[in-house]
J.: 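Right, I'll just put the structure down here and ask away after.
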Amino acid sequence: MSVTKLLSRIVKPEGSAISGDGSDDANMKRKLASTLHDHTYGITSDPLTHFSLVFSALIHDVDHTGVPNTTLIEENGALASMYSNKSVAEQNSIDLA
């Protein structure tokens, strides 16, 4: 599934019409919560998943130089050899975090 498709399901799943005027009853809200849960594979109702997503996003870009791993391996021999030329940027981010 593409990222765009997943995000569109999270933001506005099909069949989720909320009037926005405050007249929604409890059943409608439960139905929407269930629909969001089903269309997002449970992401919207799991606080641990929310935390994991934010935490991994914060760690992922620590000391990111903006170049792919192949370029890091070619240009930065010391860093590349420290991580055996595998996932250099990612391993460096984890070590620094």
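Since we're looking at a predicted model, the values are computed, not measured. Both backbone and side-chain heavy atoms feed into the values below; hydrogens, waters and symmetry mates do not.
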J.: How does the hydrophobic cluster around Leu96 look, that is, which other residues are in it when side-chain heavy atoms under 4.5 Å mark a link?
T.: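 Noted: Leu96 shares its cluster with Val62.
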
J.: Report the residues that fulfil side chain to side chain donor-acceptor pair (under 3.5 Å) with Thr49, sequence neighbours left out, ordered by chain and then residue number.
T.: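 Residues passing side chain to side chain donor-acceptor pair (under 3.5 Å) with Thr49: Asp46.
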
J.: Can you sort out the partners of Glu75 under side-chain contact (heavy atoms from CB on, under 4.5 Å), two or more places apart, ordered by chain and number?
T.: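 Listed in chain order: Thr71.
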
J.: Please report the shortest heavy-atom distance between Ser93 and Ile59, naming the atom on each side.
T.: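 Distance-wise, the nearest heavy atoms are CB-O, 3.3 Å.
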
J.: Sequence neighbours excluded and cut-off under 3.5 Å, please list the side-chain donor-acceptor pairs for residues 78-88, or say none.
T.:
| residue | atom | partner | partner atom | Å |
| --- | --- | --- | --- | --- |
| Ser81 | OG | Gly77 | O | 3.0 |
| Ser81 | OG | Ala78 | O | 3.0 |
| Tyr83 | OH | Asp95 | OD2 | 2.7 |

J.: Assess whether atom NE2 of His60 is packed by more than 12 heavy atoms of other residues, nucleotides or ligands within 6.0 Å.
T.: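 Open: at most 12 neighbouring heavy atoms sit under 6.0 Å from NE2 of His60.
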
J.: Using the side-chain contact (heavy atoms from CB on, under 4.5 Å) criterion, which residues pair with Thr65? Sequence neighbours excluded.
T.: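 For Thr65 the side-chain contact (heavy atoms from CB on, under 4.5 Å) partners, ignoring immediate neighbours, are Val67, Leu72.
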
